[in-house]
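The structure's right below; bear with me while I get my questions together.
Whatever order the structure lists ligands and atoms in, that order sets their numbers, starting from 1.
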Amino acid sequence: MATSKTDPKLAMAGNGAKKSRFYEGLTREQLIQAYRFMYTSRRIDDREILLKRQQKIFFQMSGAGHEAVGVAAGLALKTGYDWFYPYYRDRALCLTLGVQPYQMFLQGVGAADDPSSGGRQMPSHWSYPALHIVTQSSPTGSQILQAVGCADAGRYLSHHPQAAQAPTSGSPDYRQFKTVSFQNDEITYVSLGDGTSSEGEFWEAMNTAALGKLPVIFCVEDNGYAISVPVEVQTAGGSISRLVSGFPNFHFEEVDGTDPVASYAAFRRAAKYCRAGHGPAFVHAHVIRPYSHSLSDDERLYRPESERERDAQRDPVTRTQMFLLREGILDDKGINQLEKEVEAELQVAVDRALEALPPAPESVMHFLYSPDLDVTSSVFDTPAIVAESSSDGKKVAPKTMADLITATLRDEMKRDERIVIFGEDVADCSREEYLKHKLVKGKGGVFKLTFGLQCEFGNDRVFNSPLAEAAIVGRATGMATRGLKPVVEIQFFDYIWPAMMQLKDELPTIRWRSNNGFSAPCVIRVAIGGYLTGGAIYHSQCGESIFTHIPGLRVVFPSNALDAAGLLRTAVRCDDPVLFLEHKRLYRESYGRASYPGPDYMIPFGKAKVVQAGTDLTVISYGAVIPRALQAAQKLEREQGVKVELIDLRSLNPFDWDTIAASVAKTNRALVAYEDTLSWGYGAEIAARIADQLFDQLDAPVRRVAAKDTFVAYQPILEDAILPQPNDLYLAMKDLASY
Ligand SMILES: Cc1ncc(C[n+]2csc(CCOP(=O)(O)OP(=O)(O)O)c2C)c(N)n1
Ligand SMILES: [Mg+2]
């Protein structure tokens with residue numbers, strides 16, 4: 001660990017002049033170039049503000065005051081080599097990395113040709129794949145864990161270089177559509193504001209980076225305010241540097257971020273430390289924010305003139321201009337000439353951007369999912385190949401869902417070296433020496449589904465994560481963006497909520513918001529559901545409709561061992577992010593056991609299974625309600641001769657409308673049954689569609705059976721009363737059949 005602090009009083013405009021003659025390794029040409037980028041950045045902000053006032057663009061976020069630190073980072077790091085997760089104030093960084101002003105104006109007007117998002121995101125939400133600038137969203141801080149995952153992926157690929165190759169034969173998978181590159185000494189840069197350092201994900205990311213000694217440069221651009229909230233109200237003690245100073249394995253820098261030379265020196269030292277593999281670095285740059293938070297904010301409401309004046313003295317653009325003059329690097333004429341050139345360039349860029357065409361309204365659904373690999377297609381429809389007997393000739397007993405999930409993970413890990421598995425407790429044993437000396441057998445997950453995988457594939461492919469769900473999903477997202485295939489586990493659905501920002505605003509949006517510039521296909525396995533007799537409120541939750549409500553996320557929910565194997569393999573090989581819901585009660589149930597269907601068995605998403613054909617009533621369900629509905633349907637047939645057609649949706653997004661429609665056309669009656677609470681649940685959508693689109697074919701109202709609108713209680717008598725039981729299903733079926 002090393003710490004370096006530049007006293008702001010020693011900055012270039014003061015008595016640093018003597019020292020600055022060496023310019024920390026920057027040449028005079030580079031300093032002129034740095035000023036050009038800084039001036040360009042400021043003038044783009046000014047032009048955008050004007051355009052916004054003229055209502056020619058729709059939003060504006062300025063990088064004013066942050067120019068020096070941005071240019072310094074851009075000069076110290078390598079474009080198209082290192083990876084960048086900038087935030088909205090990093091205009092000068094992006095210009096230094098190679099983004100053109102015209103491209104920035106295209107963002108402002110929301111043009112179809114905007115390379116960041118094709119008019120889908122606000123300006124200053126950077127995304128330039130060729131420059132390794134990874135698509136940025138708007139939630140403060142949600143990029144930080146992804147940056148850590150990105151660095152993780154670089155490290156992994158440098159240890160497994162052959163994993164970067166896409167296979168040239170075999171059945172297609174996501175690898176064919178992802179160019180994977182890495183450098184052994186690459187760095188991932190991530191920036192954030194001082195206010196954003198209060199987000200929990202920031203701390204999870206710092207911990208993860210420190211644990212893994214990952215080559216990440218965290219840059220906090222501290223302008224003293226988060227909108228109107230000053231730093232001393234935001235950060236205990238007023239200094240983020242002080243708060244993070246205890247993190248091990250870090251190199252720390254605190255610098256005047258309005259000074260490009262001092263900032264460059266800080267980044268150079270940080271980069272050297274990271275490239276050498278010592279660990280992450282933290283650069284705390286003190287900057288200013290002269291243009292209020294955004295055009296929607298007027299800082300005069302909460303900052304007096306005296307304070308704003310004080311900031312103005314440190315304006316990085318003015319200071320750098322003075323510096324160039326003082327050092328004799330440029331004279332007045334040279335400055336005027338440079339600024340005139342920039343103005344002329346920006347005028348051309350603005351004029352061109354204002355003529356750019358907007359995106360076509362028909363394009364709004366493009367790139368929610370992979371345009372290359374359709375997860376509903378026949379590519380994923382492969383037959384089961386079952387070995388009737390084992391190698392010693394004994395008949396193979398059917399396996400549980402848990403067994404087949406483990407077997408599928410094992411075979412996929414053998415097939416694809418890009419797969420990494422992590423989560424809470426998923427490893428056999430983090431202290432490897434215990435395994436080596438055979439002191440312990442290993443755990444492999446609280447449900448033991450990953451048992452044996454660390455021993456077989458090594459601890460860089462299967463490992464325990466810190467107890468931090470946002471970190472699990474955010475890191476997986478960053479890794480998948482780089483081309484790995486993380487298959488991560490959320491231990492209980494009930495505890496998925498810390499990851500909700502990543503699951504709602506990040507992972508599913510990456511492809512769409514970058515207009516297919518980036519994608520992050522990964523698998524999130526989640527143990528879900530109740531019927532556990534004692535599971536209670538926090539080990540029994542369902543809530544799948546919250547996730548099927550998110551465009552861009554595939555959601556599957558198998559009810560039996562064979563489907564779990566086939567759907568999981570599809571999830572692993574496909575090119576979209578998948579939430580793979582595994583019902584805990586079904587893990588070791590005798591219902592739905594099956595022989596292992598072989599290492600290539602897949603089921604396409606969006607294809608339901610008719611569990612039992614019938615003519616009198618359609619029951620649409622999934623998950624642990626399937627065996628209960630089957631029991632009810634069989635009883636109804638025995639007692640009343642009613643033939644129920646039971647449909648297991650298996651995959652919830654996409655879902656199989658054709659099978660539902662064909663069945664209802666035959667039976668004219670539909671019941672939707674699900675384990676989650678009744679109101680606003682998944683079945684509400686199915687019921688609404690049937691009512692809307694199949695109205696003419698219905699002889700009865702569409703009904704639902706689901707849990708009561710309460711929480712799942714611990715006492716089994718209460719649990720039974722809350723969750724839908726076979727008898728509830730039986731009564732509802734009987735009632736609807738005779739309607
Ligand atoms: C999770 C989240 N909460 C709130 C916001 C609204 N918001 C946008 S920027 C911002 C302040 C950020 O301050 P800071 O991190 O200091 O960055 P600065 O804008 O000062 O550079 C807030 C509250 C948001 N975008 N995301
Ligand atoms: Mg701030």
Side-chain angles (χ1 to χ4, degrees), residues 41-42 45 48-49 59-70 73 85-94 121-126 135-147 189-206 218-236 238-241 243-244 254-258 263 282-299 301-303 307-308 311 314-316 470 473-474 477 497-507 509 513:
S41 181
R42 181 67 62 90
D45 279 326
E48 280 192 356
I49 289 166
F59 200 80
Q60 210 278 331
M61 289 301 295
S62 97
H66 294 232
E67 292 93 344
V69 66
Y85 285 76
Y87 88 120
Y88 48 82
R89 303 256 186 244
D90 279 341
R91 187 188 300 288
L93 167 72
C94 290
Q121 287 226 85
M122 287 176 164
S124 299
H125 286 54
W126 325 108
T135 173
Q136 182 204 329
S137 63
S138 297
T140 50
S142 53
Q143 76 279 21
I144 314 172
L145 285 164
Q146 293 171 32
Y189 162 98
V190 61
S191 57
L192 55 140
D194 46 292
T196 299
S197 68
S198 298
E199 293 284 2
E201 290 193 9
F202 165 75
W203 297 93
E204 292 185 23
M206 292 287 288
F218 295 79
C219 175
V220 171
E221 299 179 21
D222 183 353
N223 55 23
Y225 276 91
I227 309 186
S228 67
V229 182
V231 67
E232 73 275 13
V233 176
Q234 188 74 245
T235 304
S239 166
I240 189 63
S241 276
L243 291 194
V244 300
E254 185 170 2
V255 68
D256 179 353
T258 64
S263 299
F282 188 87
V283 177
H284 179 190
H286 292 278
V287 296
I288 60 162
R289 194 197 67 180
Y291 284 5
S292 292
H293 173 71
S294 72
L295 273 195
S296 318
D297 174 48
D298 179 359
E299 67 175 5
L301 296 174
Y302 51 87
R303 298 186 79 185
E307 186 183 302
R308 299 175 65 235
D311 263 12
R314 293 176 57 224
D315 189 302
V473 178
T477 302
W497 312 116
M500 202 58 195
M501 179 68 90
Q502 293 293 331
L503 285 166
K504 172 82 169 81
D505 277 4
E506 293 295 331
L507 178 61
T509 67
R513 76 184 194 217

| query | How does Ala226 reach ligand 1, by side chain, by backbone, by both or by neither, if only non-hydrogen atoms under 4.0 Å count? | reply |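 Both parts.
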**Prompt:** In the shown structure, where waters are left out, how many protein N, O or S atoms lie under 2.8 Å from the Mg ion (ligand 2)?
**Reply:**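 My tally for this metal is 3.
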Once the angle between the rings of His293 and Tyr88 is folded into 0 to 90°, is it parallel (under 30°), tilted (30 to 60°) or perpendicular (over 60°)?
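Rings of His293 and Tyr88: perpendicular, over 60°.
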Considering non-hydrogen atoms of the protein only, which is the closest contact for atom 22 (C) of ligand 1, and what is the distance?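 In this structure, atom 22 (C) of ligand 1 has Ile227 CD1, 3.6 Å as its nearest protein heavy atom.
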- [ ] Specify side chain, backbone, both or neither for Tyr225, according to which of its non-hydrogen atoms lie closer than 4.0 Å to ligand 1.
- [x]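 Near ligand 1, Tyr225 shows its backbone, while the atoms from C-beta on stay back.
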Q. Between Phe218 and Tyr189, is a ring pair (Phe, Tyr, Trp, His ring centres under 6.0 Å) present by the stated rule, with each step listed?
A. CA-CA 6 Å; Phe218 295 79; Tyr189 162 98; over 10 Å; no
Look at ligand 1 and say whether Leu192 reaches it with a heavy atom at a distance under 4.0 Å.
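Under 4.0 Å: no for Leu192.
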Discussion item. Counting only heavy atoms closer than 4.0 Å, does ligand 1 sit against the backbone of Asp194, its side chain, both, or neither?
Written reply: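 Both backbone and side chain of Asp194 come within 4.0 Å of ligand 1.
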Exercise. For ligand 1, does Glu199 get within less than 4.0 Å through its side chain, its backbone, both, or neither, judged by non-hydrogen atoms?
Worked result: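 Looking at Glu199 and ligand 1, just side chain atoms fall under 4.0 Å.
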Item to check | Protein heavy atom at shortest distance from atom 17 (O) of ligand 1 | outcome: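 It is Tyr88 OH, 3.3 Å.
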Suppose we measure from atom 4 (C) of ligand 1 to each protein heavy atom; which comes out shortest, and what is that distance?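 I find the closest protein heavy atom is Thr140 OG1, 4.3 Å.
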| task | Give the residue, atom name and distance (to 0.1 Å) of the protein heavy atom nearest atom 16 (O) of ligand 1. | result |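 Looking only at protein heavy atoms, the one closest to atom 16 (O) of ligand 1 is Gly195 N, 2.8 Å.
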